[in-house]
Amino acid sequence: MGRLKLQAGINSIEEEEPEECDAACPNRTTLSCMINSEIGAVLAVMRRNVRWGSRYMSGDDHLEHSLIQSFKALRRQIFSWNHHQWQAINPTLYLQPFLDVIRSDETGAAITGVALSSVYKILTLDVIDHNTVNVEEAIHLVVDAVTSCRFEVTDTTSEEVVLIKILQVLLACMKSKASVMLSNQHVCTIVNTCFRIVHQAGNKGESLQQISRYTMHELVRCIFSHLQDVDNTDHALVNGSSNLKQETGGLNNEYAFGSRKLENGSVNSEYDNQPLSANFASNSASAVTVTMMDENTAIALTGKESASYDVHLMTEPYGVPCMVEIFHFLCSLLNVIENMELGPRSNTIAFDEDVPLFALTLINSAIELGGPSIHRHPRLLSLIQDELFHNLMQFGLSMSPLILSMVCSIVLNLYHHLRTELKLQLEAFFSCVILRLAQSRYGASYQQQEVAMEALVDFCRQKTFMVDMYANFDSDITCSNVFEDLANLLSRSAFPVNCPLSAMHILALDGLIAVIQGMAERITNGSADSEYSPVNLEEYIPFWMVKCENYGDPNHWVPFTRRRKYIKRRLMIGADHFNRDPKKGLEFLQGTHLLPDKLDPQSVACFFRYTAGLDKNLVGDFLGNHDEFCVQVLHEFAGTFDFQDMNLDTALRLFLETFRLPGESQKIHRVLEAFSERYYEQSPHILANKDAALVLSYSMIMLNTDQHNVQVKKKMTEEDFIRNNRHINGGSDLPREFLSEIYHSICKNEIRTTPEQGVGFPEMTPSRWIDLLHKSKKTAPFIVSGSKAYLDHDMFAIMSGPTIAAISVVFDHAEHEEVYQTCMDGFLAIAKISACHHLEDVLDDLVVSLCKFTTLLNPSLVEEPVLAFGDDMKARMATVTVFTIANRYGDYIRTGWRNILDCILRLHKLGLLPARVASDAADESELSSETVHGKPIVNSLSSAHMQSIGTPRRSSGLMGRFSQLLSLDTEEPRSQPTEQQLAAHQRTLQTIQKCHIDSIFTESKFLQAKSLEQLAKALIWAAGRPQKVNSTPEDEDTAVFCLELLIAITLNNRDRIGILWPGVYDHISNIVQSTVMPCALVEKAVFGLLRICQRLLPYKENIADELLRSLQLVLKLDARVADAYCEQITQEVSRLVKANASHIRSQLGWRAITSLLSITARHIEASESGFDALLFIMSDGAHLLPANYVLCVDTARQFAESRVGQAERSVRALDLMTGSVNCLTRWTSEAKEAMEEEQMSKLSKDIGDMWLILGQGLRKVCLDQREEVRNHALLSLQKCLTGADDIYLPYGKWLDCFDLVIFTVLDDLLEISQGHSQKDYRNMEGTLILAVKLLSKVFLQSLPVLSQLTTFCKLWLGVLTRMEKYMKVKVRGKRSEKLQETVPDLLKSSLLAMKMRGILAQRSALGGDSLWELTWLHVNNISSSLQLEVFPEQDSEHFQHKQGELVGGLVPDEKVSVSSSEIASLEDAGIVG
């Protein structure tokens, strides 16, 4: 058996066994039964009626009504269709009887209602679809029948039921699968019929009202959701025209909206030949009349006929044509306000808001569903651009909040879908509606302000809205600054002025923060160029001709937009100058390359035309001037207007809005003449020549004055005006209708010859709207900004200041946590943007504002500030936010560091800072490296090393402060804290932990250089300038804390020490030099300085000298201060030397070290550490360098001379000096191998100087009072002088050595032995013996060198003289026997050595040998026997022979014979061996 199985788009007959049927897909028999039951239902109702019942029961077929016969015939057929597929059956066959009932005017409401229900049921079965046979005719029949439904009305209730069922059937038609077969005409008819029911429902029950409106709404949604599937059909218009100016009109008489009137329950064709849709005309709004009558009310809609759709097009499946008509019809419902001659502000009194609100709701639905596709259909787009938007502008000023809210919703939808097509319309809406209503100064009610503000906030929540406004309007010289105006509006509206915080303030705040957060989100999307480059005009380019090559490419439109904004801003500045002095204003613009160096009329005219804010009086005077240049500017100015296809009065209004018409007749004539030429040039349709335009313009000005001047009592009539303008059009008359229209236009709306000054928010007049439409055809394309931060830098720079102020004020006045959090989110977003765009000033301002709310900067008047802080959520949130900003965006904080440090100092004073901040913020890596065998080295510079002398430290740390919590300023005992106090304190601690204050300093190594420098300066500033007079403990504590932090960031930034060091050094220097008593501050300064040197020397050799030189500050300490810290200072210097000796290279650096060590030599506590450091440097010459040799030797000398400590240390110091000779030897050896002769010569001289200085140092110690030290010094000196064999010394150095060292020490010792008490210098005899031995041994060892000197004789006499003195010296009043024995022996050794080397010999018998004679002269004074001992008597011949050979000097390599006994004597003296 065959069964009909309906599927989507597929009709099939399948042979299957009967089975359960799906309700949505009934089988053939079921469908037959359903239709049969519907026939039975209709007949049953008809049977109840006497008229139908008597006929039906009579049994006479010829008496049966045709309606009954049709049902009987259908009943006979339906079950015979079981073997057919239902899609193959013409729906007309089973629908026609029901439709006949619906059409019949003989049936009552009950019968009609049942028939409608039957049709509705059949339509909802989905039996009829686009594949059904003859479906198009069937669906058209249904629509025609239902829209022309006729029935007898017996009661109101039954009538409403029928109307509801009509709505159901029509909606089912649109929603059925067969709806695609409906024609444009039928869709229009359906909508019109539904609207008529909506209109009549006003006098019916509530149910009908709701259902009819719902149905109308669903119809519009159903129709316009189809728009996305429709191709552009404008090519099928009459004449094939695509010109929007000709694409006007609606349905012709035959295919107009079906206009029928429900009369006595039936639809009669009283208006069958009248179109009921308002026909769309692009140039003027259609006239609409609404007549409110009784329940039989009909809406008569008449409109100007224009080019219509093709008849064939209107019978095609529905698409754009019907949508255009429906949309136009909906727009026409808004025009009712114009025809009632009511201002928008009288809506709530004289006009029911229901109709426009309903129309706006339908329009909104249409745009929501069809919006994305509207731009592809020029007729729909044109409707929106002109008629709809013009109406929206009017209703936007409605006193009804509902209407205003709906208008704003529509504009928001239009912005989403069509903003690229509605550029100037959007500008006008924001300027003339939102910005006017959102401010009370324009007379808007609070409700209007609130709705406008809500709408604005909704726009702001669209991420790209503000960028679009800025890119398209603020950067366009022909547009207003919408972005700036909206941002300023939001900022001002968020300010509570002399009033508590209201919902309006919070709303404005939400808008501001939405804009800011949008910018913050765009940061993560990247930017075309992260580096902002300011715009600058290098040469003159006509600013009104600046173009963009590609509005879709950010690489083109971004710089173009910035350039235009720069030009616009400069023009505004120029306008300000011009208003004060026109000449200087033009000169300013020439200087900024916006006007050419030589002014031309066109550039000045464009300046007047496109610059907002100009004084219109001055512009009018300039344009009316008789000067030739001014006249040229006037004509160029008129040439900037577009009067194409514009009425004369409209054109004149627009022209005179741009300046004030001068009062002098000649100036007026010149101005109107320029206007007339331009107007006639563009619109010569009616006027014969430009003179006609000029005369008529004059006449219009006169009429305007006559009609609107209160002093004119007798007003000009229309006839007077027409009569006055006879024969002006080239000798003929202008059309009466033309003049009449001008007359009424001027009478109704005054031509303002004194336009408003400034750049306020004007009303949208008809003339301005016409001008807007003209401009929209020529305006630059709408720039779609996208989701990247292309222009956010410029935008944020404009709005950041007011935004910070607004959020701050709201935060200050707010009382709820939600508002607090909103403000904090805004602050963080501002910080993020400021940092991203490198706007340091903005970030500083933000920090300053936030710090005020922490309550930490204000001197607390409360007794328990910690508890007060814990109870103040606002202060806690602000504090967390401040430090969050400091940690995240510290790179871009500059002066704001001062405020942040003020907060930190306040927390420090309250004892709330984590211990790490207060003690040491140095690198973890550096701290961990200071361990030995797993145990930390005790660092004397840590804050815990020693308590500040004279100033006890305050309790610090998070928990350490709790004991002082309730007694900050008093020591009186208090009771135990309450639970509330404990909770407040806990909140305080949690807040401080969230701040991560220590990270600011521990992570300072990641700060940018400029920020780091400012942080250091802020620390120095916060510490204050040290004072010599005693400062308060609190001030000192603050200074110490700041110094600790300064040292910490210095140590953390060793790679950038060059940035910080000058400031750090100056600060420490000020502290050191201004402190006269020991205190914590100077302690921290000195040891901090040493610590910096310790840490940085291994890494920063390039500034090692500078670091070490800074240690000389210690030398400038006041004596009392130095004495207090000397031991610790020395220990630190010792550590520094031991750790960094290899890094100290220069003499300058070593001088600083040795200067400190030298001082310690005389300090009891410090000398041991100082000598330990010196020992480290000099032992085995490990760290002796040519750069520090002299300095170390001098330091060792001072330790040797120091009587602090045991003499043993002096002896060790002498040993260090003695051992240093080995370094000189090593350097000499190394130099011989590595250097050239010239360099070697220089180094030898330097080494010789060092050797001599070493000898001089030892010479000074030789005069020490202590015998042990004195004698050891002499022996050490002897070692040094006799151990110089491997040191290459110039001959002159030996002479200097004798003169400056040996002779001097012998003379000084001799003087001491004779002139000082034996108590002071004990056992001087032994010292003198050592001294004379020193003289002899050094002389003997250096004799080969000394003998080469020309001054050898003088030196030898010096030796003899001193031996002679020592021979005669008296010790304890008598001559020393030991010296009496020692001196001759030593002298003999010298004489023998000289004899052996041939130095001492008699060279002349004539007595000319002075050396020989002088020698024996002195020797004989010492011992007369020495000559014989050295030169014993031999035979005279041999002796004389020998003398003869030696005349004239000693021959090289020739030796004087010396006896074995003499050699033995020399061996005893150590000369030979």
Side-chain angles (χ1 to χ4, degrees), residues 8-9 24 120 123-124 126 128-131 135-136 139-140 142-143 146-147 167-195 197-198 211-234 236 257 277 280 309 313-314 316-331 333 358-384 388 406 409-419 421-422:
Y120 175 75
L123 289 173
T124 56
D126 283 339
I128 304 173
D129 60 23
H130 61 282
N131 293 320
V135 64
E136 185 175 355
I139 199 73
H140 288 177
V142 172
V143 173
V146 175
T147 55
L167 293 171
Q168 286 179 334
V169 174
L170 292 177
L171 183 57
C173 287
M174 287 305 307
K175 289 188 173 182
S176 73
K177 295 178 181 179
S179 63
V180 294
M181 308 309 294
L182 286 171
S183 67
N184 288 302
Q185 171 199 349
H186 284 92
V187 172
C188 292
T189 304
I190 290 172
V191 173
N192 189 64
T193 302
C194 287
F195 182 76
I197 296 174
V198 170
I211 292 173
S212 62
R213 287 172 179 266
Y214 167 78
T215 305
M216 189 74 180
H217 195 258
E218 287 300 302
L219 280 175
V220 171
R221 289 178 61 85
C222 186
I223 293 166
F224 280 90
S225 64
H226 182 55
L227 183 60
Q228 60 185 346
D229 304 320
V230 177
D231 292 332
N232 192 335
T233 56
D234 282 335
F257 276 99
S277 68
F280 171 65
Y309 279 110
L313 187 61
M314 292 306 297
E316 287 187 350
Y318 82 94
V320 175
C322 73
M323 296 182 196
V324 170
E325 287 298 329
I326 293 168
F327 202 85
H328 184 207
F329 171 63
L330 297 177
C331 292
L333 295 176
F358 179 57
L360 289 169
T361 305
L362 296 178
I363 290 170
N364 191 42
S365 294
I367 293 171
E368 284 175 346
L369 291 168
S373 305
I374 290 176
H375 71 277
R376 295 190 283 113
H377 305 287
R379 287 179 63 88
L380 274 174
L381 181 60
S382 180
L383 269 174
I384 291 173
L388 174 61
M406 185 53 65
S409 296
I410 293 172
V411 176
L412 181 58
N413 278 320
L414 290 173
Y415 167 78
H416 268 299
H417 301 306
L418 298 170
R419 62 180 176 273
E421 311 293 339
L422 298 171

- Test side chain to side chain contact (heavy atoms under 4.5 Å, CB included) applied to Ile326 and Val187, step by step: CA-CA 9 Å; Ile326 293 168; Val187 172; 3.9 Å; yes
- Of all the heavy-atom pairs spanning Glu136 and Met181, show the shortest one and how long it is. CG-O, 3.8 Å
- When rounded to the nearest 0.5 angstrom, what distance separates CD in Gln185 from NE2 in His140? 8.0 Å
- If you round to the nearest 0.5 Å, how far is NE2 of His226 from SG of Cys322? 8.0 Å
- Message: Can a side-chain donor-acceptor contact be found between Ser365 and His217 if the only test is distance below 3.5 angstrom?
- Response: yes
- Query: Between Met323 and Val230, is any pair of side-chain heavy atoms under 4.5 Å apart?
  - Reply: yes
- Heavy-atom side-chain contact between Ile128 and Val135 under 4.5 Å: yes
- Query: Where do Glu218 and Lys175 land on the side chain to side chain contact (heavy atoms under 4.5 Å, CB included) test, with the steps shown first?
  - Reply: CA-CA 9 Å; Glu218 287 300 302; Lys175 289 188 173 182; 3.4 Å; yes
- Taking all heavy atoms of Tyr318 and all of Cys222, pick out the closest pair and write down the distance. OH-O, 4.2 Å
- Is there a donor-acceptor pair under 3.5 Å between the side chain of Asn184 and the backbone N or O of Val320? no
- Task: Report the residue from Leu418, Ile367, Leu369 that forms a side chain to side chain contact (heavy atoms under 4.5 Å, CB included) with Asn413.
- Result: Ile367
- Looking at CD of Glu368 and CZ of Phe224, how far apart are the two atoms once the value is rounded to the nearest 0.5 Å? 12.5 Å
- Note on the structure: When rounded to the nearest 0.5 Å, the distance separating NE2 of His377 from CD1 of Ile384 is 11.0 Å
- Task: Write down the atom of Thr215, the atom of Cys194, and the distance for their closest heavy-atom approach.
- Result: CG2-SG, 4.2 Å
- Rounding to 0.5 Å, atoms CD1 (Ile410) and CG (Leu360) come to a distance of 4.5 Å
- Query: Taking the side chain as C-beta and beyond, is there a heavy-atom pair between Leu167 and Ser212 under 4.5 Å?
  - Reply: yes
- Message: Phe327 and side chain to side chain contact (heavy atoms under 4.5 Å, CB included): which single residue from Leu380, Leu362, Ile223 fits?
- Response: Leu380
- Query: Do you know which two heavy atoms are closest between Glu325 and Cys188, and how far apart they sit?
  - Reply: CB-SG, 4.0 Å
- Query: What's the spacing between Leu170 CG and Thr189 OG1 if we round to 0.5 Å?
  - Reply: 10.0 Å
- Message: Could you walk me through whether His186 and Ile139 satisfy the side chain to side chain contact (heavy atoms under 4.5 Å, CB included) test, starting with their C-alpha distance in whole Å, then the side-chain angles of each, then the deciding distance to 0.1 Å, before giving a yes or no?
- Response: CA-CA 9 Å; His186 284 92; Ile139 199 73; over 6 Å; no
- Message: Checking the side chain of Ser382 only, and the main-chain atoms of Pro378 only, is there a donor and an acceptor separated by less than 3.5 Å?
- Response: no
- Item | Worked check of side chain to side chain contact (heavy atoms under 4.5 Å, CB included) between Leu171 and Ile190 | CA-CA 8 Å; Leu171 183 57; Ile190 290 172; over 6 Å; no
- What orientation do Phe358 and Phe195 show, parallel under 30°, tilted 30 to 60°, or perpendicular over 60°? parallel
- For Ala366 against Val220, the heavy-atom pair lying closest together: CB-CG1, 3.8 Å
